[in-house]
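Contents: one structure, followed by commentary.
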Amino acid sequence: MSTVKQNLARINTSSPPFHYVPVLRTLDIDDPALFTVQQRNAMRQLSYGPSVKIGIKFKSQWWHDYKDLNIVGGQSSTDRVIRTTVYPSYGVKGPNKSTVLIASYTWTSDAASIGALVNSGPDAERRLKDVVLRDLAQVHGVPLEMLVDEFEEMHSWDWQHNPLSQGAFAFFGPGQFRRLYQSLTHPAAGGYLHMAGEAISPRHAWIVGALDASWRAVLEILWGSGPVGWALVKEFKTLWGENEEWVPTTQFKKPLPQANHLIRGAGMEARVSKVAKVAKVAKVEEEKEGDIEEAKGAEMEEAEAEEMVDAKAGEMEEVKVREVRETMPAPDLLLYQLVAHGISF
């Protein structure tokens with residue numbers, strides 16, 4: 001692999017190399033045992049935007065060394081075709097200076113336009129090189145001839161036309177995030193499939209969002225794995241820390257440090273109350289079974305036994321357990337699992 005491609009491999013990590021939503025919807029996702037209707041709709045409705053990055057390896061760090069430019073890190077913006085240029089903030093000094101520059105970083109319609117010249121043959125590649133060098137010269141006030149002489153190689157990446165991404169990052173429409181986020185963070189395939197990616201994070205379009213979502217997915221897997229997984233939670237958090245999307249709560253009557261991170265601050269009381277009702281109904285169901293057995297054992301009259309069963313059934317109607325669980329966000333579902341295993345609050 002060439003030097004510029006090795007450097008671009010690091011640069012490209014600003015977006016994950018695999019975006020599951022656009023790719024998954026090209027597969028057969030209609031099996032209800034895999035995804036709920038809400039999850040399938042979320043995959044089909046969520047739009048992904050285009051983005052293109054163009055890296056160029058020069059002979060020297062001209063953006064730092066030429067006259068009084070002295071640029072280290074940061075980025076510049078222009079209304080020209082290249083739109084945004086990003087400068088390296090590392091490798092400025094020492095024997096291994098980085099001479100690779102993100103000469104152009106574009107998204108949305110700008111990326112769609114310049115993307116037409118990416119991987120479109122030698123003629124398009126030459127046009128792309130000419131446009132980028134010309135814009136760099138204009139933006140930085142340097143001679144075009146100097147940049148042509150400094151040029152060594154160029155590597156471009158178009159996320160929209162890559163089969164493993166089919167888009168750069170999620171573009172949520174008005175009001176979509178709350179609904180689609182809840183659907184996609186809910187475990188699929190009966191709890192065996194946990195989805196993660198920048199799309200299902202409040203900080204979508206950034207690699208930190210993908211990391212946050214991955215943190216959440218791993219924690220879900222651990223909490224859903226019983227005592228073996230629970231024992232690994234402390235080690236997991238020691239290695240990977242806390243997640244800013246998940247904040248501690250003091251709403252529990254007794255400290256539950258292993259569960260505090262499962263409830264987020266927004267709408268705390270309502271959500272805890274909702275989960276408490278589900279737990280209460282589960283307990284009522286157990287009591288109902290016990291009461292039936294007691295009624296049979298004591299040979300109570302049939303009418304009295306039926307009256308007791310009907311009373312318990314009426315209590316269960318107050319909260320429909322199945323419907324509530326199917327629409328629960330992942331944090332609430334995990335809390336329900338904790339309650340079901342005997343953790344009270």
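Remember, predicted model here, so these are calculated numbers, not experimental data.
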### Query
Do you reckon W206 sits in the same ILVMFWY cluster as L211, going by side-chain contacts under 4.5 Å, direct or chained?
no

### Query
Is there side-chain contact between F58 and L136, with heavy atoms separated by less than 4.5 Å?
yes

### Message
Does Q45 form a side-chain hydrogen bond (donor to acceptor under 3.5 Å, both in side chains) with R25? I'd like the steps, not just the answer.
### Response
CA-CA 10 Å; Q45 292 171 10; R25 61 188 174 208; over 6 Å; no

### Query
W157 vs H155 aromatic rings, parallel, tilted or perpendicular, using cut-offs 30° and 60°?
tilted

## Note on the structure
The salt bridge (charged side-chain N to carboxylate O under 4.0 Å, His left out) partners of R80 (sequence neighbours excluded) come to D135

### Side-chain touch L144/L133, heavy atoms, less than 4.5 angstrom
yes

### Query
Under a 4.5 Å cut-off applied to non-hydrogen side-chain atoms, are M195 and T185 in contact?
no

### Message
Run the side-chain contact (heavy atoms from CB on, under 4.5 Å) test against K59 and tell me which residues pass, sequence neighbours left out.
### Response
D149, E150, E152

### Task
Sequence neighbours left out, what passes ring pair (Phe, Tyr, Trp, His ring centres under 6.0 Å) with F35? Give chain and number order.
none

### Close side-chain approach of Q160 and Q166, heavy atoms under 4.5 Å
no

### Query
Would you call E220 and R216 a salt bridge, taking side-chain N to carboxylate O under 4.0 Å as the test?
yes

### Query
With under 30° as parallel and over 60° as perpendicular, where do the rings of Y87 and H140 fit, or are they tilted in between?
perpendicular

### Message
With heavy-atom distances below 4.5 Å as the criterion, would you say the side chains of W62 and M146 are in contact?
### Response
yes

### Message
Quick check: do V81 and V132 have side-chain heavy atoms less than 4.5 Å from each other?
### Response
no

#### Entry: By side chain to side chain donor-acceptor pair (under 3.5 Å) - contacts of S51 (at least two apart)
none

### Query
With sequence neighbours left out, what residues match Q138 under side chain to side chain donor-acceptor pair (under 3.5 Å)?
none

### Query
Are the aromatic rings of H204 and F171 close, with centres under 6.0 Å apart?
no

### Message
Counting the benzene-type ring for Trp, do W215 and F236 have ring centres under 6.0 Å apart?
### Response
yes

### Query
Mind checking whether I82 and V142 sit in one hydrophobic cluster, side chains of I, L, V, M, F, W, Y counted as touching below 4.5 Å?
yes

### Note, E153 side chain near I56 side chain (heavy atom, < 4.5 Å)
no

### Task
For residues T36 and S183, determine if any side-chain heavy atom of one lies less than 4.5 Å from a side-chain heavy atom of the other.
no

### Message
By the salt bridge (Lys or Arg N to Asp or Glu O under 4.0 Å) test, which pairs, at least two apart or in different chains, include something from residues 26-40?
### Response
D30-R44

### Message
Parallel, tilted or perpendicular: which one describes the rings of W223 and W230, with boundaries at 30° and 60°?
### Response
tilted

## Note on the structure
d(D123 CG, L128 CG) to nearest 0.5 Å is 12.5 Å

